[in-house]
Amino acid sequence: MALVLNEDQAMIRDSAEGFFKAEAPTTAFRKLRDSKDATGFDRALWKKMAEMGFAGVLVPEGHGGSGFGYVGAGLIQEAIGRNLSLSPMLSTAILAATALLVGGTDEQKAAYLPKIASGDLLMALASDEKSRHTPNHVATTAAASGNGFKLNGTKSFVLDGHVADKLIVAARTSGADGDTDGITLFLVDPKAAGVSIARQPMVDSRNAAKVVLNDVQVDGADVLGEVGNGWAILERALDAGRACLAAEMLGVSAQSFETTVDYLKTRDQFGVKIGSFQALQHRAAHLFCEVELARSVTLRALQALDEGDDRASIFASLAKAKGGEVAKLATNEGVQLHGGIGMTDEFDIGLYMKRARAARETFGDIAFNGDRLAKLMGY
Amino acid sequence: MALVLNEDQAMIRDSAEGFFKAEAPTTAFRKLRDSKDATGFDRALWKKMAEMGFAGVLVPEGHGGSGFGYVGAGLIQEAIGRNLSLSPMLSTAILAATALLVGGTDEQKAAYLPKIASGDLLMALASDEKSRHTPNHVATTAAASGNGFKLNGTKSFVLDGHVADKLIVAARTSGADGDTDGITLFLVDPKAAGVSIARQPMVDSRNAAKVVLNDVQVDGADVLGEVGNGWAILERALDAGRACLAAEMLGVSAQSFETTVDYLKTRDQFGVKIGSFQALQHRAAHLFCEVELARSVTLRALQALDEGDDRASIFASLAKAKGGEVAKLATNEGVQLHGGIGMTDEFDIGLYMKRARAARETFGDIAFNGDRLAKLMGY
Amino acid sequence: MSDALEQFRSETRAWLEANCPAEMRTPQTSEDETCWGGRNFKFTSQAQKDWMDRMGAKGWTVPEWPKAYGGGGLSKEEAKVLSSELRRIKARSPLNSFGIWMLGPALLKFGSEEQKKHYLPQIARGEIRWCQGYSEPGSGSDLASLRTSAEDKGDHYLVNGQKVWTSYADKADWIFCLVRTDPTVAKHHGISFLLFDMASPGVSTAPIKLISGASPFCQTFFDNVKVPKENLVGVPGKGWDIAKYLLTHEREMIGAMDTGDARETMAQVAARKIGLENGTIADAALRTDIIRHEIDAWAFALTMERVKDTAKAGQGVGALSSMLKYYGTELNKQRMELLMSIGGSDGLLWEGDNKGDGDLSRGWLRSRANSIEGGTSEINLNIIAKRVLELPGA
Amino acid sequence: MSDALEQFRSETRAWLEANCPAEMRTPQTSEDETCWGGRNFKFTSQAQKDWMDRMGAKGWTVPEWPKAYGGGGLSKEEAKVLSSELRRIKARSPLNSFGIWMLGPALLKFGSEEQKKHYLPQIARGEIRWCQGYSEPGSGSDLASLRTSAEDKGDHYLVNGQKVWTSYADKADWIFCLVRTDPTVAKHHGISFLLFDMASPGVSTAPIKLISGASPFCQTFFDNVKVPKENLVGVPGKGWDIAKYLLTHEREMIGAMDTGDARETMAQVAARKIGLENGTIADAALRTDIIRHEIDAWAFALTMERVKDTAKAGQGVGALSSMLKYYGTELNKQRMELLMSIGGSDGLLWEGDNKGDGDLSRGWLRSRANSIEGGTSEINLNIIAKRVLELPGA
């Protein structure tokens with residue numbers, strides 16, 4: 001597929017850019033943050049996002065979604081990155097929707113996908129257990145119990161875990177810690193007995209929660225996919241997350257870069273604009289190149305997911321690895337070139353740096369994703 | 001020990017700087033290179049170096065040496081690096097002398113050290129077998145035979161191997177490839193039956209040879225150190241080589257840096273000196289810092305060898321790793337900032353880049369030495 | 001060691017034994033326990049106050065300052081002995097102060113005899129807490145472009161303007177402040193160095209919130225503040241010389257900070273958080289990054305050591321000291337980035353139930369200012385290029 | 001595909017089948033087998049000459065140039081078909097030439113009708129081999145400061161001066177050359193674009209030896225060379241416009257070079273030289289470096305693809321194309337450094353008994369020029385800063 005947006009996609013991009021700039025700019029982010037809002041996002045905004053087709057971006061039209069696909073989801077995420085907009089987009093519309101699409105039965109799809117698309121159902125993926133992303137490390141157990149399973153374990157860094165109406169929990173039904181075989185995904189009611197959820201305040205003011213499962217009884221019908229074969233579903237959901245986070249980080253990088261270039265054109269020092277200093281010009285020019293590289297890998301990763309390309313995992317890791325490094329560079333350079341005011345909470349550039357850092361850790365940094373892509377390529 | 005040169009050492013530095021600048025500048029290097037000189041260095045120069053006490057820098061006064069120690073050896077190497085002077089300093093005066101000092105019997109010391117100091121004996125260490133430095137990879141075998149051993153194997157990248165009067169060969173008397181136990185060092189006559197030596201023309205025009213050993217018979221008296229326990233001697237010789245190569249690379253870096261800064265002050269472009277461009281100023285200033293860091297680690301490594309510090313290996317690897325990276329940066333920046341003329345054979349800066357690359361590979365680059373120092377420190 | 005020095009050591013030891021309260025020999029557990037002194041300082045305990053007062057009375061808060069100015073009047077050697085004896089009993093610092101670190105050295109070099117007699121003993125005894133008024137919202141790296149004006153009104157200056165990044169301005173008693181006394185000359189030549197009471201009418205402050213959270217920094221406003229003319233240090237219009245002297249001083253201090261034994265710790269943290277496999281940190285790529293950083297950090301620590309040893313040996317270190325701030329702060333930022341990577345999602349915590357939750361993320365954010373405050377990395381590279389490499393002006 | 005295009009494809013296929021000699025369908029094994037054409041070219045075989053002549057006669061050495069100027073007169077679509085048919089039979093390039101790559105596009109845009117008619121067919125048929133006279137010893141990145149003079153002598157120009165980095169000047173028949181026709185105006189405005197015969201009296205060349213060994217580059221000297229006035233292209237004093245047009249053209253070409261499938265190869269080389277352990281390259285640190293490079297190389301390759309696709313989609317690519325030269329050449333240097341690290345002492349060989357010995361070290365050294373020739377990385381960063389980011393002039 002050509003590495004350009006087609007007309008429909010260009011329209012999605014324009015409408016997403018316009019929407020988030022108007023409806024959820026950084027001032028909205030600050031308001032939620034400073035009020036220590038218990039939900040962590042604006043439910044009215046999420047409703048509007050559903051009306052725009054954003055919540056159902058991956059949901060086929062037959063299930064009430066807009067079916068824009070991953071390229072569409074990435075464009076929405078990019079606009080979210082540009083505006084630091086808060087919403088359950090990643091957890092519900094991307095991670096959970098992908099898991100359901102890949103692994104759900106017809107009944108599960110019919111039950112959940114339309115509600116995701118309409119903005120009425122929030123979901124969260126509870127997979128990570130280690131602080132550094134290691135998805136095959138699943139120590140949470142699912143032991144046979146009655147006509148179902150009993151879950152025990154602790155999940156950390158569960159995005160939107162504290163507001164989710166339904167959790168997707170990765171637990172081990174067989175095999176040893178580290179094995180990919182033997183992992184099973186379960187749809188778990190967060191209000192079920194034995195589930196306790198605590199929100200964790202994060203540096204980027206986004207929602208993450210610790211989920212403790214203590215003898216939580218689930219039914220056989222709550223299994224997503226097949227028992228012991230959850231890994232492929234989990235991988236695909238995480239790859240969707242990686243590619244869409246790369247897109248969000250692209251928005252973060254591009255916005256930080258543009259803000260910084262604007263600052264270089266307006267800030268006076270030593271009687272001239274600081275953008276006239278060649279050392280800063282070269283750094284800005286280099287950063288321009290890096291942002292463009294991030295844009296290319298991100299688009300390829302999103303397209304690969306849409307096409308079912310068998311290298312989709314490689315491209316997702318490539319985009320996540322490169323996108324993360326570029327976002328680090330763009331936000332670090334942004335703060336440094338803003339000087340002292342870049343360090344103040346009053347200016348936005350620091351908010352972008354915080355988000356870049358958190359997005360970089362989520363679903364693996366360059367160490368994880370670089371290693372993964374090399375292994376997938378046989379070295 | 002304070003990280004400064006004492007008075008004696010400052011004198012050695014000054015005399016070495018003066019000596020090599022006068023006796024073996026880059027013009028001498030070019031003459032030897034362009035004439036494809038069979039020896040690869042000037043024997044008359046080596047005699048003069050012996051008279052200056054350089055050949056016997058590590059040899060105690062009792063054995064006719066000057067006993068300047070490793071700091072002294074490093075200062076000589078730094079001056080060699082500054083002038084790209086060709087001599088068997090590293091192979092004979094540093095590697096072989098260290099091996100003899102650490103592992104030699106009284107008889108061996110008495111037989112060889114005075115001749116090293118007087119410049120009458122050239123020696124070479126034949127240890128590497130892989131193209132990437134892996135000292136514990138010793139596949140060359142030494143099988144018991146008569147009252148001695150029979151050696152079989154191939155050694156590559158033997159510095160000054162083609163002119164050596166005596167080789168120090170690492171061979172395996174027991175254990176498996178990769179084991180450090182079971183390695184034995186042998187003093188081998190290059191004219192012995194079964195030894196064939198072929199010079200390999202290298203990018204830096206220095207001497208390296210391939211040594212093939214085919215049923216070479218050696219005597220029990222030719223063992224250096226104990227049978228099966230050659231590793232500790234080899235390690236110490238290589239550490240001496242690493243620290244002294246770091247010193248030579250420091251000379252290469254410092255000279256490249258200074259030449260480049262001079263060029264920035266004299267070359268006109270766009271009507272001004274190119275040294276007035278801030279982007280180049282910042283790169284030069286950063287390079288200044290890096291060269292100073294290389295100087296610090298090098299001095300510490302040399303001192304640690306002199307003191308018998310139990311962290312001498314760590315410091316040797318630290319100096320080799322950092323020194324190599326700095327030499328890479330200094331010479332690459334040197335060529336780039338010289339522009340087109342930096343690419344011509346007529347200018348010296350390219351010669352420094354070639355030497356930096358070869359010195360960087362010798363006895364391990366940052367990948368090898370970084371891994372080694374981390375392991376030595378327990379991570 | 002000479003007999004006299006040995007004698008001094010035993011006397012010092014005895015005096016400390018008698019005068020350093022037991023509580024002041026326990027490790028400080030938080031920033032809040034730092035003693036800053038001053039008119040309104042809330043001591044955490046009587047022991048903290050006693051310790052400051054006793055050391056202050058002896059002049060040992062500033063051991064090498066002359067006795068006439070409230071100092072200890074100690075020789076370099078004696079000061080070293082005192083410092084080693086303090087370390088021996090693990091005594092806390094009796095007094096932290098911008099007066100000791102910054103204003104004192106400036107007054108000793110540029111102040112009048114009267115000023116030295118008046119201000120220095122107050123600093124030594126912790127009676128007056130000082131803050132520093134340098135930066136302004138518009139000035140940034142171009143510090144000399146400052147616009148806070150001090151108009152000569154005969155018997156006093158009338159100060160108007162605004163400072164920013166004034167550490168602890170809301171807690172300080174007095175300020176040492178760069179002001180423009182002559183707007184008609186070239187920017188470096190119209191600056192003066194002025195001292196005044198923060199309680200003067202017209203002075204107000206507002207705290208600055210950083211990306212890392214609350215901070216000691218303030219914005220400080222001057223609205224027709226009257227300052228007696230004798231409060232000017234040195235020569236009117238020559239304040240820039242004092243500023244440069246203090247900036248160099250500050251750069252060397254900041255560059256020297258934050259190294260310590262962090263080296264050891266990073267590998268330990270990684271081993272604990274990520275685990276070892278066959279004796280090496282299990283994440284090979286992260287381990288490579290850690291090793292590369294450790295190599296640089298160690299090379300930098302050795303360079304600091306070499307600078308000190310070179311200075312001790314009586315050799316010039318000008319060229320070397322200019323790089324410490326630049327390289328040290330860049331390294332520290334890199335170190336915090338790596339610690340964040342090692343921490344993974346734990347490093348992203350902003351606050352939490354456990355003590356220390358959020359420290360890492362806030363420390364990481366705070367470290368980003370290292371290469372901005374006290375002279376940006378860019379300014380330091382300019383300085384090296386110009387003063388050390390003597391490259392032509394752009 | 002349209003019927004007409006299908007028809008064109010089958011005709012082309014038949015023609016190639018009949019006219020491309022079998023030898024010209026075997027892979028080229030060395031640089032020496034490249035066909036450059038020209039008056040004095042030594043063809044490696046009759047087949048090489050036949051292949052050039054036949055393609056030249058058909059205008060297919062320059063498929064999209066107009067037929068009137070010796071080109072093939074093909075549409076974009078037809079040219080693509082030709083190119084795919086050539087690939088299908090693995091045909092070698094019939095003719096390489098600075099005339100095709102550089103002078104041709106310049107003449108098509110700036111030349112007079114007469115010049116086009118005269119020079120372009122010679123280029124298409126490989127009759128005249130051209131070289132490019134741009135750089136001078138003193139000019140470097142400041143190309144417009146060139147000093148080679150062309151004095152107006154009524155019916156001719158008298159050319160004096162010196163060029164450097166003239167590729168294959170010692171083998172070329174004619175030169176296209178930047179000269180100064182008016183020394184009295186601002187440097188960019190006194191430059192003209194001149195064509196002349198290298199056999200003219202007063203022209204001499206000397207080869208340049210590089211750090212990587214022998215090179216195609218020469219120094220070229222002009223000593224009172226008479227050049228007919230009709231050999232000037234475009235308007236006198238407006239040569240800089242032509243130069244800029246060609247430099248941009250060249251930058252895009254160089255940036256686009258040397259990517260290919262090198263990606264695949266580096267990991268393979270490392271696996272072969274270093275070996276795999278549990279499926280990963282045994283040296284973990286070097287593997288990390290390789291992975292980081294591969295990520296960048298892949299991201300760059302995708303960016304090249306995106307630029308092409310964007311252009312195809314009829315959208316502007318100005319901002320993107322400006323970065324290709326800078327990033328591509330820096331990446332290639334890094335790639336060669338890594339290949340040298342992977343090679344270890346084998347990479348240090350300068351020559352040897354085996355075919356290929358020394359190729360790596362010489363390739364590495366040669367790669368260092370990538371970021372210098374055709375506009376240095378620094379100049380390209382300046383261009384991005386100025387033209388793309390529109391940052392103010394320094």
Side-chain angles (χ1 to χ4, degrees), chain B residues 33 128 130-134 156-158 198 200-206 208 210 267-272 274 276-280 283 321 328 331-332 335-347 349-351 353-354 357-362 364-371 374, chain D residues 135 137-145 164-165 187 208-215 217 273-275 282-289 333 337 340-353 357-358 360-362 364-366 368-369 371-373 376-379 381-382 385 394:
Chain B
R33 180 192 73 164
D128 277 4
K130 284 196 172 187
S131 53
R132 275 184 66 78
H133 181 64
T134 320
S156 63
F157 205 44
V158 179
Q200 295 173 302
M202 307 303 279
V203 70
D204 61 345
S205 307
R206 263 157 189 76
K210 188 176 204 172
R267 168 77 169 168
D268 286 302
Q269 290 271 271
F270 305 103
V272 295
I274 61 173
S276 67
F277 291 118
Q278 195 196 33
L280 307 193
R283 282 158 65 176
K328 177 185 172 188
T331 53
N332 280 353
V335 168
Q336 180 69 24
L337 297 180
H338 274 78
I341 61 153
M343 285 300 298
T344 62
D345 186 68
E346 199 186 332
F347 272 70
I349 188 75
L351 305 179
M353 186 166 72
K354 293 178 185 184
R357 167 48 83 174
R360 214 168 138 232
E361 299 300 335
T362 311
D365 58 7
I366 192 170
F368 172 86
N369 282 296
D371 178 70
Chain D
S135 295
S139 66
S141 289
D142 186 9
L143 183 55
S145 71
V164 74
W165 304 120
K187 63 182 178 182
I208 295 174
K209 192 178 165 195
L210 290 185
I211 54 176
S212 49
S215 86
F217 296 116
K273 297 281 299 181
I274 300 169
D283 186 322
L286 199 52
R287 176 174 179 260
T288 301
D289 291 336
K333 288 195 302 181
E337 289 286 351
M340 284 292 282
S341 291
I342 293 166
S345 58
D346 288 352
L348 301 177
L349 280 178
W350 187 242
E351 43 201 36
D353 301 333
D357 283 351
L360 182 52
S361 61
R362 288 166 195 262
W364 161 64
L365 287 163
R366 186 63 187 78
R368 306 306 313 179
S371 55
I372 296 171
E373 60 204 353
T376 64
S377 282
E378 292 74 24
I379 290 292
L381 288 170
N382 285 347

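Per chain, numbering begins at 1; letters A, B, ... match sequence-line order.
Interface residue B:I341: only backbone heavy atoms are found under 4.5 Å from chain D. Residue D:L381 does not touch chain B at all, counting heavy-atom pairs closer than 4.5 Å. Neither the backbone nor the side chain of B:A279 has a heavy atom closer than 4.5 Å to any heavy atom of chain D. Proximity to chain B is absent for every atom of D:S145, based on heavy atoms less than 4.5 angstrom apart. Only the side chain of B:F157 comes within less than 4.5 Å of a heavy atom in chain D; its backbone stays farther off. For D:S377, the parts lying near chain B are the backbone and the side chain together; criterion is any non-hydrogen pair under 4.5 Å.
Between chain B and the options D:A285, D:S361, D:G347, D:G140, the largest number of non-hydrogen pairs under 4.5 Å is found for D:G140. Across B:R357, B:Q200, B:M202, B:E361, the residue that shares the most heavy-atom pairs under 4.5 angstrom with chain D is B:R357. Contact count versus chain D (heavy atoms, under 4.5 Å) is highest, among B:I366, B:I349, B:L337, B:T344, for B:T344. Ranked by heavy-atom pairs under 4.5 Å with chain D, the list B:G342, B:G350, B:G340 is led by B:G340. Ranked by non-hydrogen atom pairs under 4.5 Å with chain B, the options D:G343, D:G213, D:G358 are led by D:G343. The residue among B:T134, B:V203, B:V335 with the most heavy atom pairs within less than 4.5 Å of chain D is B:V203. Heavy-atom pairs under 4.5 Å with chain B were tallied for D:A284, D:S139, D:G352; the largest tally goes to D:S139. Per-residue heavy-atom pair counts under 4.5 Å with chain B were compared for D:R287, D:K333, D:M340, and the maximum is reached by D:M340. Of the residues considered (B:R283, B:E346, B:H338, B:R360), B:R283 shows the highest number of contacts with chain D, using heavy-atom pairs under 4.5 Å.
In this structure, D:W165 CH2 and B:M343 CE are separated by 7.0 Å, a value rounded to the nearest 0.5 Å. The CZ atom of B:F347 sits 13.0 Å away from the CG atom of D:L210 when rounded to the nearest 0.5 Å. The CG atom of B:D365 sits 7.0 Å away from the CG atom of D:D283 when rounded to the nearest 0.5 Å. Here the straight-line distance linking atom CG of B:D345 with atom CD1 of D:I208 works out to 11.5 Å at 0.5 Å rounding. To the nearest 0.5 angstrom, B:F368 atom CZ is 13.5 Å from D:L286 atom CG. The OG1 atom of D:T376 lies 6.5 Å from the CD atom of B:Q336; values are rounded to the nearest 0.5 Å.
Looking at residues two or more places apart in sequence or on another chain, you find a side chain to side chain contact (heavy atoms under 4.5 Å, CB included) between B:N332 and B:K328, B:M353, D:E337, D:R368. By the salt bridge (Lys or Arg N to Asp or Glu O under 4.0 Å) test, B:D128 pairs with no residue at all, sequence neighbours left out.
When the shell of 6.0 Å around NZ of D:K187 is examined, it contains more than 12 heavy atoms from other residues, nucleotides or ligands.
Formation of a donor-acceptor pair under 3.5 Å by the B:Q269 side chain with backbone atoms of D:D142 is found in this model. Panel note: side chain B:R132, backbone D:S341; a donor-acceptor pair is recorded below 3.5 Å. A donor-acceptor pair under 3.5 Å links the side-chain atoms of B:K354 to the main chain of D:I211, judged by distance alone. Of the possible polar contacts, none joining the D:E351 side chain to the B:P201 backbone as a donor-acceptor pair under 3.5 Å is found. In this structure a side-chain-to-backbone donor-acceptor pair under 3.5 Å is present from D:S345 to B:S131.
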